[in-house]
Protein chains: 2
Amino acid sequence: MNNLDSLLNPKSVAIVGVSSDPGKIGSILLLNIISAGFEGDIFIINPKYQELFDRKVYPSIKAVGEEIDLVCIAIPSQFVEPVVDECIEKNVKSVIIISAGFGELNEEGKALEQRISNKVKKAGIRLLGPNCLGMINPLTKINASFAASNPIEGNIAFLSQSGAVCTAILDMSLSRNLGFSNFVSLGNKSDVSEVDLIKYFVNHEKVSVIGAYLEELDGGRQILDIASSSNKPIVMLKAGETEQAQKAIASHTGSLAGSVKTVKTALNQSGIIQVNGENEMFNLLMGFSWTHIPKGPNVAIVTNAGGPGIIATDTILKSGLKMAEISEESRKSIKDSLPDTASVLNPIDVIGDALAARYKLPIETLIHDDNVDSILIILTPQLVTQIEDTAKLIIESAKFSKKPIYAVFLGGKYVSFGIQRMYDAKVPVFDSIREAVDVISCMYEYGRYKDEKNEHPRFIPIDTAYTEGKFHHEIIQNSSHETGVLFENVVASIATEFGLDLPKQFVSSNIEEVAAFAKSCFPVVMKATTADIVHKTDFKAIYFNIQDDAALRANFYQLATDIQEKTGNNRPSILVQEQIKFEKEFFIGANRDGSKQVYSDNTGLGHLLMFGTGGIYTEIYKDLEQILIPSSSEFIEKKLERTAIWKIIKGARGKDVLAFDKVLNTIDAVQKMLIAYPEIISLDLNPVLVTIDRAICVDVKMFVR
Amino acid sequence: MNNLDSLLNPKSVAIVGVSSDPGKIGSILLLNIISAGFEGDIFIINPKYQELFDRKVYPSIKAVGEEIDLVCIAIPSQFVEPVVDECIEKNVKSVIIISAGFGELNEEGKALEQRISNKVKKAGIRLLGPNCLGMINPLTKINASFAASNPIEGNIAFLSQSGAVCTAILDMSLSRNLGFSNFVSLGNKSDVSEVDLIKYFVNHEKVSVIGAYLEELDGGRQILDIASSSNKPIVMLKAGETEQAQKAIASHTGSLAGSVKTVKTALNQSGIIQVNGENEMFNLLMGFSWTHIPKGPNVAIVTNAGGPGIIATDTILKSGLKMAEISEESRKSIKDSLPDTASVLNPIDVIGDALAARYKLPIETLIHDDNVDSILIILTPQLVTQIEDTAKLIIESAKFSKKPIYAVFLGGKYVSFGIQRMYDAKVPVFDSIREAVDVISCMYEYGRYKDEKNEHPRFIPIDTAYTEGKFHHEIIQNSSHETGVLFENVVASIATEFGLDLPKQFVSSNIEEVAAFAKSCFPVVMKATTADIVHKTDFKAIYFNIQDDAALRANFYQLATDIQEKTGNNRPSILVQEQIKFEKEFFIGANRDGSKQVYSDNTGLGHLLMFGTGGIYTEIYKDLEQILIPSSSEFIEKKLERTAIWKIIKGARGKDVLAFDKVLNTIDAVQKMLIAYPEIISLDLNPVLVTIDRAICVDVKMFVR
């Protein structure tokens with residue numbers, strides 16, 4: 001038995017905090033548990049009463065003779081710890097702390113929360129909260145929350161770090177008949193986190209779709225691994241996508257959100273469907289809960305009005321879906337059932353005087369047309385339109401259809417009756433074309449992701465991708481300048497170790513050594529080393545196209561003098577490099593998310609890798625794509641194809657095809673390097689010069705901290 | 001008196017098509033006119049009856065003794081023309097033809113429609129339709145439509161090319177209490193078009209905002225001129241943004257839509273607010289109709305829940321709005337009124353146990369805080385939340401506020417009561433954060449556009465920008481190759497005429513002439529001329545870096561031989577040009593929308609000008625912006641600032657500042673050139689080489705048709 005069962009599906013519940021005032025949170029909890037129809041034992045704990053709401057009251061948890069699966073605590077925070085101690089003594093299986101006043105309030109609260117968390121973990125008790133709304137399980141009829149209403153039963157599991165988002169989604173669900181298997185408010189996530197819950201729901205046979213509102217992600221990459229291997233859609237609203245919102249989160253929950261870009265990329269790569277708002281979340285839960293996933297992008301429209309059909313066509317095509325090419329045969333059979341002026345192209349226009357029955361044949365024909373993957377039915381309230389009858393007809397068709405059917409009833413007052421009928425029958429219906437198309441598009445994309453993920457894995461397990469590095473982690477950690485810049489020689493060793501193509505180069509503060517090296521490889525480039533450049537950038541620190549010994553010496557002395565003047569370094573090392581006749585400039589960069597060095601401690605998401613157009617205008621052209629590593633080369637290539645520089649490297653406009661395979665190898669080598677040496681917090685290869693047969697990393701910088 | 005008054009605000013109405021069947025369109029028209037409360041004369045025309053619905057019936061229009069402002073015709077199309085003849089004879093002022101079966105049906109219908117249109121125009125009668133729903137004027141209580149319901153009175157004028165969009169918007173308006181001054185279904189736009197109506201509504205004192213659904217634009221640039229000089233927001237849903245939707249329009253209305261890009265740019269430049277769907281349209285009409293335009297981007301949030309406050313913060317910042325920095329003073333006074341745990345940063349979190357009264361002081365304080373431009377109030381239905389009382393309090397505050405106040409009530413079942421109260425009081429309220437923020441952002445952008453448009457006009461009147469060209473239009477029209485490519489010498493003359501900076505160049509088929517020219521300007525570039533290149537592109541047609549006479553001759557013979565082989569042209573002209581040591585490649589291109597050559601006949605929108613990164617990868621980098629010409633240099637510069645190449649030309653990353661002023665001059669010259677010579681249907685300057693002191697057009701192509 002999964003140890004969350006006692007929490008989410010308890011057989012017996014005790015409540016601490018019930019009083020004679022029915023408006024107190026503890027009392028509301030009790031009344032919610034009773035009114036939802038819970039069939040297990042309910043124990044009310046309060047030393048001051050012997051009876052409350054006509055039920056027996058126990059003076060303490062220990063005084064209960066029977067086993068207790070779940071204890072719900074709703075008393076002021078300063079009194080919580082002794083109750084938890086009692087729970088441990090009594091050997092209860094799980095606890096929900098509803099009370100606020102912990103980590104989210106102040107340092108004192110944080111310490112208290114930490115103590116409680118340590119105690120329950122040690123005792124093997126699962127803890128939900130503190131500072132939460134509680135949890136509801138409509139399947140087993142327990143509502144251990146102080147929510148104002150009770151959701152209906154269904155196949156959606158919902159979890160939220162915000163109690164208010166819970167109550168809003170719950171209220172939405174009541175007006176639209178959406179049902180849940182579980183409804184969990186996470187609170188401060190002192191023990192039970194989204195990782196536990198999502199893992200539980202992914203394996204829960206009654207759950208078809210998981211919805212989550214989160215302000216920060218716990219457990220590092222665990223959530224990505226669970227999502228990647230899940231076959232259920234997970235719809236997530238991850239708040240804190242902007243810096244200011246993150247500040248608001250900090251003041252609200254006291255927690256720190258991860259790097260915005262890394263989180264977004266990581267979630268997307270693991271197949272989690274990210275939404276921007278609560279309405280989008282709600283619509284998608286409805287879609288996944290009530291209908292099938294479209295098998296392809298082809299949408300057919302049946303409408304009783306031309307204008308809305310055109311709006312829908314625009315919206316479909318702009319969303320990346322396609323307008324189905326309805327088969328000749330279907331068109332013919334539909335044509336016969338419609339008036340002469342009706343259009344049987346897609347959109348199929350049954351025209352404004354259509355009664356309900358006229359929708360029937362087109363819908364049924366499309367259900368059997370292989371060219372059609374999903375059907376969108378549009379109704380506008382015209383003079384003779386039979387709103388409720390049309391709804392009934394759509395409901396009947398949807399019943400036997402293995403293809404998803406979506407409806408849009410445009411309007412307000414009159415169409416609301418038809419919409420309500422469809423909600424009642426659990427057929428996805430919308431009052432806006434845009435919202436319907438967004439749902440179709442998102443469901444289709446999810447289906448496509450599921451089909452593709454085995455062939456082109458977006459993630460590779462870190463273990464699989466791991467190669468041991470030659471250096472000890474300690475050496476790397478200690479090989480940096482004050483600024484965190486890794487020493488040039490260590491950078492070169494690491495780069496060579498992983499097979500990066502480096503130019504011939506030599507670093508020395510001695511001109512004779514430099515001259516001896518340069519002799520065999522004129523023309524050369526001369527640069528200040530990273531350490532000196534980081535100190536000062538307001539001098540000429542790079543000389544190109546040095547053709548001979550005389551020029552070399554002149555430039556060397558100039559550069560050495562300049563560095564000395566700017567940095568005080570009176571014996572600067574200088575880098576000399578063969579000059580590459582390059583074709584195109586590529587960029588590879590990486591940043592690590594999280595404060596910890598290694599992936600295994602699960603506190604960060606790992607490295608975000610960026611690539612695209614390189615050179616000095618990388619930031620200006622912003623022709624960049626990003627991935628969370630490690631990923632498959634197929635997926636990397638798919639991302640590369642979205643950049644302009646990749647098209648150019650592949651020989652656009654009749655130009656030479658450059659060494660794209662070497663670029664791919666370089667990206668893969670960088671992935672491996674960052675996994676072997678996770679202490680590298682950031683890395684910058686700019687430019688990587690791509691020629692007809694090489695991808696040469698002429699400027700490699702690495703930072704540790 | 002504007003001649004649309006008789007149509008939109010008639011004093012007397014005759015109806016042709018009423019019968020004893022109350023379900024017939026003509027009868028519905030009559031009943032709608034009566035039930036809306038029309039106070040003028042109503043004349044029923046039908047030779048078969050003497051009385052219908054207890055009213056006197058006239059055998060013909062001529063039989064009516066009194067003057068008739070408006071005749072509504074709802075009989076089969078084949079009987080319409082004689083009725084129109086009668087109207088002309090009787091001197092009626094305006095006609096609505098409800099009947100379908102005209103241009104949208106077939107060629108015969110098109111001819112009939114054209115005849116009728118010619119007749120009424122000649123007689124000075126205004127005609128709405130055919131093939132329309134009719135029109136409603138709630139202010140003067142006339143509903144001359146067969147819509148199933150009657151809109152309430154208000155300050156929104158709505159026009160639509162789709163009757164179904166009319167009925168959908170109307171039904172929406174009933175459930176949300178949105179009121180209209182006018183509601184017009186355009187139908188086939190045989191006479192009255194959006195140009196007439198928008199012009200009328202812009203000058204109508206009771207109209208605050210105009211909404212329009214259009215499938216194609218009539219009247220060329222007129223709509224742009226009206227919108228540009230209007231001080232009222234115009235919200236437009238322009239269907240047919242994709243090619244397939246345009247096909248659907250063609251099959252639906254028989255009309256052809258303009259170039260998608262040109263239309264989009266033109267509308268945007270003229271300050272018309274474009275929306276993607278009917279819901280967005282509806283929300284914006286509500287916003288503009290019910291509240292003030294935000295004076296700046298700073299939004300303050302008051303919420304009873306942290307999570308939704310964070311979602312709203314993300315949404316606001318991503319939409320381009322700002323989170324207001326609430327003043328120290330306001331924060332202090334709000335802090336005093338709230339519990340300790342409440343946050344008084346923005347979002348202001350009055351926390352979950354807030355009763356209605358706790359919203360009061362924060363809202364009133366923000367209304368008087370100069371750092372705040374608009375206020376967004378969020379309510380989630382928590383345990384003690386007073387949904388309707390909070391709505392009442394917001395309504396009270398909104399009454400005396402000169403700042404816009406928007407509310408979001410998140411949920412479904414319970415919050416709907418609060419939402420309804422706010423609809424009733426005409427305070428903008430939404431059930432989704434995203435929709436609320438979209439409205440705030442759009443209203444703010446419109447306000448900013450209004451503030452800026454006089455300073456940086458997005459359009460300049462064509463007359464003002466016009467300079468006469470040296471060439472006769474006829475000469476240009478006749479100076480092209482079969483393919484439409486304008487002769488090189490004419491191109492050069494035109495370019496010189498408008499002051500473009502051309503390289504020294506010379507075209508000849510004679511090597512001695514070429515050599516004589518080249519002597520003074522080595523190194524040179526040699527190219528095939530446009531006419532030959534257009535024929536064949538699969539040979540080397542350009543030679544760079546020709547340093548001396550020997551190389552010149554060798555390349556000349558090679559190129560001439562290649563051209564001859566590929567094109568059969570045995571005495572090809574060859575172009576020799578001084579070689580420019582360039583810095584950066586810029587692109588300028590243009591395309592004319594519409595089949596007509598000149599702007600004055602109002603059938604097209606004119607030239608769309610594009611500019612951005614030039615060179616062979618223009619299409620790959622797509623670093624392009626576009627404007628409809630002519631425009632002010634301030635506006636052009638604003639657009640340029642959005643391109644990467646402009647940042648580079650302006651000296652990004654410490655590089656030289658190139659001749660950006662020359663680039664601006666070149667763009668302005670191209671504008672003037674296209675206005676002087678509108679027969680140029682497209683133009684391509686790629687690359688324009690930008691050096692430290694020049695913007696040199698090394699490759700200029702022009703096409704006529």
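So that the names make sense, note that chain A is the first sequence line, chain B the second, and so on, each numbered from 1.
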Inset, instruction - Below 4.5 Å from any heavy atom of chain A, which atoms of B:Glu619 appear? Answer side chain, backbone, both or neither. - result: neither

Inset, instruction - Specify the closest pair of heavy atoms between A:Met172 and B:Asp431, including all atoms of both residues, with the distance to one decimal. - result: CE-O, 4.4 Å

Inset, instruction - Considering only heavy atoms and a distance below 4.5 Å, find which of A:Asn279, A:Leu317, A:Leu105, A:Leu174 pairs most often with chain B. - result: A:Leu317

Legend entry - Reference residue A:Lys413; test side-chain contact (heavy atoms from CB on, under 4.5 Å); the match among B:Ser149, B:Ser173, B:Ser175: B:Ser175

Legend entry - Which of B:Leu133, B:Val415, B:Thr341, B:Leu379 touches chain A most, by non-hydrogen pairs under 4.5 Å: B:Val415

Legend entry - chain B contact via A:Ile316 - side chain, backbone, both or neither, heavy atoms under 4.5 Å: neither

Inset, instruction - For residues A:Thr167 and B:Tyr414, determine if any side-chain heavy atom of one lies less than 4.5 Å from a side-chain heavy atom of the other. - result: no

Legend entry - Among the listed options A:Arg434, A:Lys655, A:Arg653, the residue most often paired with chain B at heavy-atom distances under 4.5 Å: A:Arg653

Legend entry - Polar side-chain atom of A:Asp171 near backbone of B:Pro381 as donor-acceptor pair, under 3.5 Å: no

Legend entry - Proximity breakdown for A:Phe146 and chain B, heavy-atom pairs closer than 4.5 Å: both

Legend entry - Any side-chain heavy-atom pair of A:Ile310 and B:Tyr213 under 4.5 Å: yes

Inset, instruction - Could you check which of A:Ile648, A:Ile620, A:Thr315, A:Leu237 has the highest count of heavy-atom pairs closer than 4.5 Å to chain B? - result: A:Ile648

Inset, instruction - Under 4.5 Å heavy-atom distance to chain A, tell me which part of B:Ile169 shows up: side chain, backbone, both or neither. - result: neither

Inset, instruction - Among A:Thr643, A:Asp314, A:Val384, A:Thr380, single out the residue with the greatest number of heavy-atom pairs under 4.5 Å to chain B. - result: A:Asp314

Inset, instruction - Determine the option with the most heavy-atom pairs under 4.5 angstrom with chain A, choosing from B:Leu383, B:Val165, B:Ile28. - result: B:Leu383

Inset, instruction - Identify which part of B:Asn276 has an atom lying under 4.5 Å from any heavy atom of chain A, answering side chain, backbone, both or neither. - result: both

Legend entry - Largest heavy-atom contact set with chain A, pairs under 4.5 Å, which of B:Glu280, B:Lys318, B:Lys622, B:Lys647: B:Lys318

Inset, instruction - Report, as yes or no, whether the 6.0 Å neighbourhood of atom CD on A:Glu641 holds more than 12 heavy atoms from other residues, nucleotides or ligands. - result: yes

Inset, instruction - Check each atom of B:Leu170 against the heavy atoms of chain A and say whether the ones under 4.5 Å are side chain, backbone, both or neither. - result: neither

Inset, instruction - Answer yes or no: is there a donor N or O on one side and an acceptor on the other, between the side chain of B:Glu278 and the main chain of A:Ile433, under 3.5 Å? - result: yes

